[in-house]
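In what follows, chains are A, B, ... by sequence order, proteins preceding strands, each numbered from 1. Just so we're clear, the structure is a prediction, and the values are computed from it rather than from any experiment.
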Amino acid sequence: MTAPVTKPAPRIVADRLHSPLRRALRSWEAILLVVAIAVFIGNTLLSPYFLNAWNLSDATFNFTEKAMIAFAMAMLIVAGEIDLSVASIIALASTAMGLAMTAGAGVPVIVLVGIGTGLICGAVNGVLVAGLGLPSIVVTIGTMSLFRGIAFIVLGDQAFTGYPPEFAYFGQGYVWWVISFELVLFAAFAVIFWAVLHRSTFGRAVYAIGNNATAAAFSGIRVQRVRFILFLLTGVMSGVAAVCLTSRLGSTRPSIATGWELEVVTMVVLGGVNILGGSGTIPGVVLAAVIMGMVTFGFGLLNVPGIVMSIFLGALLIGVIALPRLLRRG
Amino acid sequence: QDVKIALVVKALGIGFFEAAAKGAEEAAAELGDVEIIYTGPTDTTAEGQIEVINSLIAQGVNAIAVSANDRDALVPTLQKAMERGITVISWDSGVAPEGRMMHLNPSSNALIGNTIIKLAADHLPEGGDVAILSASATATNQNIWIEEATKVLPNYPGINLVATVYGDDLADKSYREAQGLMATYPNLKAIIAPTTVGILAASQAVTDAGKIGEINVTGLGLPSEMAGAVASGATKSFAIWNPIDLGYAATMISYNLVKGNAAAEPGAEIGMGRMGTATLDQGNEAAMSDPFTYDASNIDQFKSIF
Amino acid sequence: MTLFKSREALLALAILVTLGVIAARFPAFVAPSNLANVFNDTAPLMLLAIGQMIVILTKCIDLSVAANLALTGMVAALMNGAGVPLPLILCAVVALGAALGAVNGVLVWKLGIPSIVVTLGTMTIYRGTIFLMTEGKWVNAHEMSDAFKALPRHVILGLPVMSWIAIATIAVFAVVLARTALGRAFYAVGGNPHAAVYAGLDVGRTQFWAFVISGALAGVTGYLWVARYAVAYVDVAGGFELDVVAACVIGGIAIAGGAGSLWGAMLGALFLGVIKNALPVVGISPFWQMAISGLAIILAVAFNAAQRRPRGRLILREAAQ
Amino acid sequence: MDMMMQPVLRLRGISKSFPGVKALQGVQLDLYPGEVTALIGENGAGKSTIVKVLTGIYQPEEGTIEIDGRGVRLTSADAAARAGVTAIHQETVLFDELTVAENIWLGHAPRGRFGLIDRRAMREGAARLLAGIGAQIDPGARLGDLGIASRHMVAIARALSIEARVVILDEPTAALSHKEIHELYDLVEKLKRQGKAILFISHKFDEIFRIADRYTVFRDGQFVAEGRMAEVTEGALVQMMVGRSVDQIFPARVHNVGAPVLTVAGYSHPTEFADISFTLHRGEILGFYGLVGAGRSEVMQALFGITTPSKGACRVDDQVRVIRSTAEAVDAGIVYVPEDRGRQGAVKGLPIFQNVTLPSLGAVSRAGFLRMAEELALARDYTRRLDLRAAALDQDVGLLSGGNQQKVVIAKWLATRPRVIILDEPTKGIDIGSKAAVHAFMAELAAEGLSIIMVSSEIPEVLGMSDRVIVMREGRIVDEVSGERMTPETLVRAAAGLAVAA
Ligand SMILES: Nc1ncnc2c1ncn2[C@@H]1O[C@H](COP(=O)(O)OP(=O)(O)OP(=O)(O)O)[C@@H](O)[C@H]1O
Ligand SMILES: Nc1ncnc2c1ncn2[C@@H]1O[C@H](COP(=O)(O)OP(=O)(O)OP(=O)(O)O)[C@@H](O)[C@H]1O
Ligand SMILES: [Mg+2]
Ligand SMILES: [Mg+2]
């Protein structure tokens, strides 16, 4: 008790433990990049048709629309939520566009209706999850049936056809040479989502919520608002995808985009986003989208049935995640 | 250089299409310089077919003969194929005219519509309630046949169509829909299923409900699959065209179009090998042959073939 | 505890009200024979829901149940075609189902991969395997022996064997969950995995057993399904996994793990079963079916959550009274 | 004497490391039958880690564990229990959805017919164990419905349900009230008489001197010293612990309290609290005392916008504020350092610097986009002021010891430059060295004009630091003391409800 008051000099804490380069080399994205290159080389060796600008361009349609949703889904999953209703939102948005078209709306209005419907569907999910505090996986299993169900009520066994010719641009148009409009849109969204998730305050809030929502709330973050916005965003991106897909198909059926929700989730998880929330990156999702697109296209060139393709993707999904864990143990 | 003809089906694994593929191979063997690519998605979606068609375009096949899951959604992709010089025809389930050069109906739609009602009416001299159990609500050909069937209903007095339900070509859903029909319409006398999955499930449901003899299941089915139902009496008769012939004919037509032996325009006559010639109507459609009715008297003869 | 009881009572009430409304217009629907029929129809959903519930209790999810069912069902049909006797087939489907479940379990246990990822992967792999085995070919009624098809249909005391299998399984798992160490471990591991380690429970191994049980039940259901509908093909029960999860959720099984009762899950399955069977009977257009079941799921979940919402701690003396 | 008595448990050369941290480096520990050994060390010294090694939760990379002279390997919690080691862990780790009885018996429940669990025997055994430690808890109650102190008693009962030779208590009194602490001391005496070897971990020196027979000191994951309590002084222990001497006296404070900053009027909540009114001034430290579960945390969380009061108003400076969310509270300049660090404080999984900047994102960004250099600068600034021990600022917060996590949480709030900071049990589970640092820091902040509310259950801390003390009991304010009346007596009587009766 008699010892004098001492105040030792604070310790110096370094900013970084490892250099950014070392981090990048050991990252998930590095593994994915290797896989992507391997798939590319494999495809080139296996099929003489692969290395062709137009064919590669056609191949991008296998993933661009799904990837646009996957970007928003990635943020949602990083925040610890999930949206299984995305494919149904596409169906409903496409139906709404069809209604607008039959009512004589022009292309801009049709597009707005599609995106707007996505926004409304996202808001419904958002209110149920963020407003009422219901678990998102269950809510969106419900809205998955609800949204597509409404599309079925409207359309029944009918289809909307006869979209204006200019409308075809979104899903079939080319900006320059083999660069399609969808591919440009995909790249633009990749950059936007990268900036938002990795460089903005909103993105930081998303990570905080995904790691510990309670602590995030205790840090002055408006958790429910962020969650709501994320569902809105996913709805809007589904709406955008609906515009592209409807334009590409030139018609609307209520069964459009069946099963896409699981493909989008697979893409996100393959991209290294932790399904339990808290971590994951947009570059990872971009690479995963490219890998999935190239694998399906490559298999298609060899006329391998789609289901064998999905076995391969299923194994890839488990394999890529299992491998680092196996290596760490062994 | 072989002529590459791609036979794109609604989904792989369906008995009907497997039989059609056999017919295509038969045609290829006959022609000698043809390579058949038999392909299709895993489940019956338009998006799946588009991916398959895209990769066929990339491989530079000479012809694509498709049985479509969606008459409209395939149009832009098939148009792209045609732009790249590929011969595109549809068969069995059609594509909208702007997406193909011609369409080969297994039979004439009016004839099929009439046949499915007639099959039911033949065993209902006093008339009675009948219901239709279809495939998915978006299935092109089923919808056309049902439309044709409703048109000819007035010719069958006493036959009362009470409902049309959809089993989505899923065995369990079709089964449940059939059960629902029986529960809802106690006086039901016949279930008409113009789809091979539906007719099979419905005859099973009728058998399980112990209503053989009370409710007759009929429609379109494959002899190999329906043999049991005919034997048990759940199905008195059903019809189908020969899918082997259909695959054969589609291949022959594709070949002739690729080789320039014929052009796809109204009134044109295109050779179908042993199936004769197809004559295109105003909509560039042709019918292959009449549907053939199977019952206890002839089923054993066909059940091992397809 | 009373909260749980009342939730199940309310769910039962909801089912009864639904039945009552339908009965008002279609008395035939509530005839005992038809109700038995609805129950029998729901039996596969209930069997799978038991397994799914246990998996969800341990904080996991099994999206591969329907694929597992399809694969074991196909194997059963092929074995039948090869002339294997029925008892052997029954043993084989349980063993195969359990083995497929064990694959999920091992990946979750030994590699710590989140179950949703594992089962998303195995879901496609199992279905794909059917395709590889059969090249997509169907096995149809006429290719199955009569004994194979007859077992689930055989009626004992007014109910088909399929229903009795469901009832027996429910009884067995009621005891397992309440009175065995493993049963309680399912709750503990899901309720607080961290604490489970401290209590000497092996979280991964417990989850492994949950997957094995879920798989074995899917195996049994695979045979029942294929025999009942007398057809086996790649897409059997496609998308059924979501119905199974929905049944659990409607039955109040907390998706976060650790909470929920077997009775809840069974009532949830019955609720879905009644709705699915009733809609065509009531004459609602088939196009409405999807939207209505979606709405039912959302309402049920909102209701359950409202019941479970914490209302703050009891500190004030007057509030405690 | 030591030579004669054989240790029950003998650890030698135990090492355990985590990514980036060597938590234990070749430490040793001996526990003797019928004696209490105190394990002493700063936050992060490795105390809880050795407990987890002993209970089979962590596997050491090196070293040997001997029980009764025989080498054992403790591969799981189950194996440790079978080897006769049981522990009450620092965090209560139990199951909310299970009943009290099940929580006690999970994993080793009594079996009845057919090997099924015998529920009656389980319930009776639980009642007996709970009665033995003086806890009145219904064995059939759902654990989730119990308060934190009761939960802790259940954890103790669970530990006792295992027939053990070695009993470990890791900061067992942190969550307990006065009365319960005394019952715990009695329990320890009883266990000693039964010849059990006891390891006792605590940061409270009075406690250690009261019940321990021996001590072992760790510093930075290394063994420093061991000996008998009778042969050591508090000062010497502190010296061994921190490697330097520390003054235990609370910092001298100038009590110059300014204008009112925060006025709370009639805050009420349906179940948690009622009629909470008080005023906080500039540069003031206002203590909130009460027994565990008095509702202090709940009031603070309402002030911080976590819950919304059903009635009442609050004024910050001269503006009436409605605070319905934490974001609004931060806007109003009110911040809260929670008591439950793990759940509510640090965002584990995010690096240290991102934790620090989380509530100040606006200040380190332009147009919504973050500037990493500014973030690091801010984090560096405030973590240095709190003397954070970490390898690097981009290290995951979850890898820090409890005390260092607490520093990160405090740093994150100071970085927002608040008007009012609420510290809920700021030194709970913090070692004596850091504790003094936190106290000095609080005094410094108050002197700079910051207003502080300090919730604490430690009377010396409350009295030593506060200008004024509000005492709560069962969700209501029962007394406010300042000046002369600030004595341990008044506080305890008010908190226990005796003052009202008198
Ligand atoms: N799971 C873990 N992962 C990584 N590092 C850890 C983990 N657990 C503990 N550590 C580190 O090990 C060291 C010892 O931690 P430990 O919890 O044993 O300290 P302690 O002495 O109990 O401190 P306190 O008094 O704060 O409870 C600390 O540096 C801590 O950051
Ligand atoms: N049964 C419970 N349900 C929910 N949270 C609880 C429960 N028991 C304790 N807690 C939380 O644990 C923390 C500490 O518990 P508690 O409030 O009983 O002790 P305390 O903080 O010392 O007392 P006071 O309420 O006077 O601050 C608080 O954050 C409290 O909200
Ligand atoms: Mg500790
Ligand atoms: Mg408190």
(request) Determine yes or no for a side-chain-to-main-chain donor-acceptor pair under 3.5 angstrom, with C:R179 supplying the side chain and D:I117 the backbone. (result) yes
(message) With rounding to the nearest 0.5 angstrom, report the CZ to CZ distance, C:R184 to D:F95.
(response) 11.0 Å
(request) Could you tell me which portion of D:L98 (side chain, backbone, both or neither) has an atom closer than 4.5 angstrom to a non-hydrogen atom of chain C? (result) side chain
(message) Rounded to the nearest 0.5 Å, what separates atom NE2 in C:H194 from atom CG in D:L94?
(response) 10.5 Å
(message) Run the ring pair (Phe, Tyr, Trp, His ring centres under 6.0 Å) test against D:F273 and tell me which residues pass, sequence neighbours left out.
(response) D:H269
(message) What part of C:V175 gets within 4.5 angstrom of chain D, counting heavy atoms only: side chain, backbone, both, or neither?
(response) side chain
(message) Looking only at heavy atoms and a cut-off of under 4.5 Å, which of C:V197, C:N192, C:L201, C:D202 has the most pairs with chain D?
(response) C:N192
(request) Work out which heavy atom in C:A199 is nearest to a heavy atom in D:A77; give both atom names and the distance. (result) C-CB, 4.3 Å
(message) Do C:Y198 and D:K52 have side chains that approach each other closer than 4.5 Å (heavy atoms only, starting at C-beta)?
(response) yes
(message) Between C:A196, C:A188, C:G190, C:A181, who has the most heavy-atom pairs with chain D when the cutoff is under 4.5 Å?
(response) C:A188
(message) Are there over 12 heavy-atom neighbours, none belonging to D:R123, within less than 6.0 Å of that residue's CZ?
(response) no
(message) How about CH2 on C:W209, more than 12 heavy atoms from neighbouring residues, nucleotides or ligands closer than 6.0 Å, or not?
(response) no
